[in-house]
Amino acid sequence: MSKVIECKNISKTFESVNGDFQVIGDISIEADQNEILVLFGPGQCGKTTLLKVIAGLEPATSGTIHINGKEKTKPGPECGLVYQTTALFPWLTTMGNVEYGPKVQGVPKKERRARAQKYIDLVGLTGFEKSYPIQLSGGMRQRVGIARVYCNEPEVMLMDEPFGHLDAQTRYLMQEELERIWQTEKRTIIFVTNNIEEALYLADRVLVMTNCPATIKKEFKIDLPRPRDYTDPEFLRLRQEITSIVDPAE
Amino acid sequence: MKKRKKINGVRVGIGAAAICSFLCLWAFATREGTTLGILMPGPVEVFTHLVETTYTKVGPLTIWGHMFNSLRRVLVGFTIASCCGILLGLAMGWNRTLEAIFRPIFELLRPIPPLAWISLAIVWFGLGEGGKYFIIFVSGFSNVTINVYTGAKSVDPELIGAAKMLGCSERRIFPSIVIRSSVPYIFTGLQIAISSSWAAVVAAEMVRSTNGIGWMITAGQSVGNMEQIMVGIIVIGVIGFLLSTFMRGVESKLCAWSRVQDS
Amino acid sequence: MGNKNEYKVQVRNLTKKFGDLLVLDDISFDVKENEFLCIVGPTGCGKTTFLNSLSKLYDITAGEILINGEPVDLKKHNIAYIFQEYSNFPWLTIRENVEFGLRIKKMPEAEIKERVDYFLDMVGLKKFQDYYPDQLSASMLQRAAIARAFAVKPEVLLMDEPYGQLDIELRFKLEDELIRLWREVGTTVIFITHNIEEAVYLSERILVLTNKPTKIKAEISNTMAHPRDIAAPEFVELRNQVTDLIKWW
């Protein structure tokens, strides 16, 4: 099978007056078409930076990134990023945010409106097209964030702890929703989380990361049937197996 | 919703009561027989005079004419100041080279109060309208610039990143993200600037003018007409209040997205 | 002591309205001395109002809250709170934060020292006692908050989702610590959360709330021995039972 994204030997060191600080140490990852790859690990360090490097928002200290064979060096529409903070444009409505990508790329109004409406409907925000982000709840804002990225039709979708700020129950809801959305329109997703239930619920593959510098500790292929059950014995067994090998956060 | 309306009603009521008590206190303090009453007219006299000035001329014009002249000066000076301030503020906030060039000059000029420029303004622009425009410009310009600059500086880098990832070109980031997210800051600047411009026009007219609200006060002072002075002061207060209310109204229309909506 | 102390906390017909909006609808329950009670409800249930009413921060519309059979009086009853936001004073060191409540109570200096040492040790912050809050991580701050709350030896400890923003593993670690402290020190704990697994992991009894207007939907006793295994069949069964009662998503 062809790899949608191939990252080879990525490393990242921040230089400062207090000395160098390595956050990513030689990571190679690749993902297949329509695969959900979850990067799971404790703490804040490394995983988010890795996504930013893949997105082209941070230059890597070394290593290369290819998306469908093309080398990636700067941010662009071939990757879409769903932020933990949502990073919605607060001055635009739901519709304005979702159609932003096609708009700045010159897609004619009629076409981009139709496309945006389709994804607004897909994420379950029909009726909220004219709402500003400030008028929406945390879960709804994250839906806008997902629709915005879907609507831009990237080759790879990156998700940086998108549900990290939500309460436990809304978080379950959004995990189920993301699963449903992805089942309707499959995409290649690289998903970062420090929540093991979330990782196991969504992933085709889980990469367990070490903390600072981030490296890949172990890979788990998750073959459980979808949609998954959080209290299924095999799910719980995997959960305990993975958490037992994770580095303590402190 | 209902509750909020009620609270607003209560608030307006309290405000009106406070103003009424102030008027009563004024009337009481200037009543027949007090020393203050000899020096200063009471609210009733001032109000009567205010009504009179709407149809009889004070000097060359009625009060409407004076108001028109003052407002015209403010509008001209304020518009020029806003345009320059927004441009300079955005430029300084977005481009590091421009920031390095203009920031030090700006920081040096900023603390100088507008009135300190009056003598220079007369030398440069003469006694006519030019000097007044200049004073108003100076008083509004730095307020607009500093706020817009802050706004352009504090654009969330995540939003710029998000826009780039959605395919926005480098050149479009500025109009599409930087200006848009600076709008609330621009309005804060404009609001402060309109108030300080209004204050400056009165001062400029008091120094040298043949009409305008500021002139009314100095003219009243030179002939010892206290009512005229008081009318001038009150009109300044009311117009200043109306101007900033108007600006706030425009702002809340344009920046609805940055405000918490009632749910 | 006698009969009136059979229940530590008694909530009777607690009702709260905001204007015409009924938020808490006639809630009654009791908490036994030294009991660990968890309260869970769906997102958007009147959780915060409920907590504020319990702590008397809001005036309640009707009903009463009794501690040891008497109406709650914050001056008389020793109640401690731990919230999700780490409520440490940023201008005090960790040690001074823990001392704070004891100083207010004008406790003798020697006793303050002894207690603060004991509780800082219990939560493993002895080494960090002279740091300021913004120098420590989220979980350390949450530990400091717990040490501070336990140091005053409260009769009742109210906790509002204190571990909401932490990694799951870290959460379990702090929860184990909490259980250990609670068993060692002995206090009545009312713990409010959205997290069903957490409630099943900690509690001796679970109150399940409905959506607004909030009522008590069910009361479930939880007698599993500590430490609990999240994969044990009885744990899973109880978790599913509570989830079914709450599930809105």
Side-chain angles (χ1 to χ4, degrees), chain A residues 48 51-58 67 72-94 96-107 112 116 130-137 144-145 147-158 160, chain B residues 1 4 86 89-90 93-94 96 147-191 247-263:
Chain A
T48 295
L51 273 199
K52 282 190 175 161
V53 168
I54 295 173
L57 293 168
E58 282 282 353
I67 291 177
K72 184 167 175 70
T73 50
K74 60 179 190 351
E78 61 282 353
C79 270
L81 178 56
V82 180
Y83 291 79
Q84 179 170 20
T85 54
T86 74
L88 297 179
F89 305 119
W91 55 87
L92 294 178
T93 59
T94 299
N97 269 286
V98 175
E99 68 165 3
Y100 182 87
K103 187 177 169 185
V104 292
Q105 291 177 71
V107 176
R112 68 170 192 255
K130 293 198 174 96
S131 303
Y132 287 98
I134 205 165
Q135 297 168 304
L136 301 175
S137 70
V144 181
R148 182 171 74 172
V149 167
Y150 253 97
C151 189
N152 208 36
E153 300 180 340
E155 290 158 74
V156 179
M157 284 171 57
L158 309 170
D160 182 17
Chain B
M1 269 322 264
R4 182 156 301 216
I86 291 172
L90 286 173
W94 181 238
R96 275 160 196 250
N147 276 286
V148 176
Y149 169 68
T150 314
K153 268 300 225 200
S154 54
V155 179
D156 184 354
E158 274 198 350
L159 294 185
I160 294 177
K164 282 184 186 167
M165 294 203 62
L166 291 166
C168 187
S169 63
E170 288 285 344
R171 273 175 47 222
R172 253 187 107 162
I173 291 285
F174 187 69
S176 173
I177 305 295
V178 180
I179 294 183
R180 289 303 294 271
S181 71
S182 301
V183 168
Y185 291 86
I186 293 176
F187 268 93
T188 310
L190 293 185
Q191 212 170 313
M247 286 300 290
R248 223 172 296 146
V250 175
E251 190 210 356
S252 65
K253 270 273 172 323
L254 280 174
C255 305
W257 55 267
S258 71
R259 299 195 177 280
V260 182
Q261 306 285 312
D262 23 302
S263 45

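A note on names: the letters A, B, ... follow the listed sequences, proteins ahead of strands, and every chain is numbered from 1.
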Close contacts, residues 155-166 of chain B versus chain A, judged by heavy atoms under 4.5 Å: B:E158, B:L159, B:G161, B:A162, B:A163, B:K164, B:M165, B:L166
Distance (rounded to the nearest 0.5 Å) between A:T93 OG1 and B:W257 CH2: 13.0 Å
Members of residues 96-104 of chain A whose heavy atoms come closer than 4.5 Å to chain B: A:Y100, A:G101, A:K103, A:V104
Contacting region of B:R180 [heavy-atom separation from chain A under 4.5 Å]: both
Region of A:L57 that comes under 4.5 Å of a non-hydrogen atom in chain B: side chain
Contact summary for B:S176 and A:W91, nearest pair of heavy atoms: O-CZ2, 3.6 Å
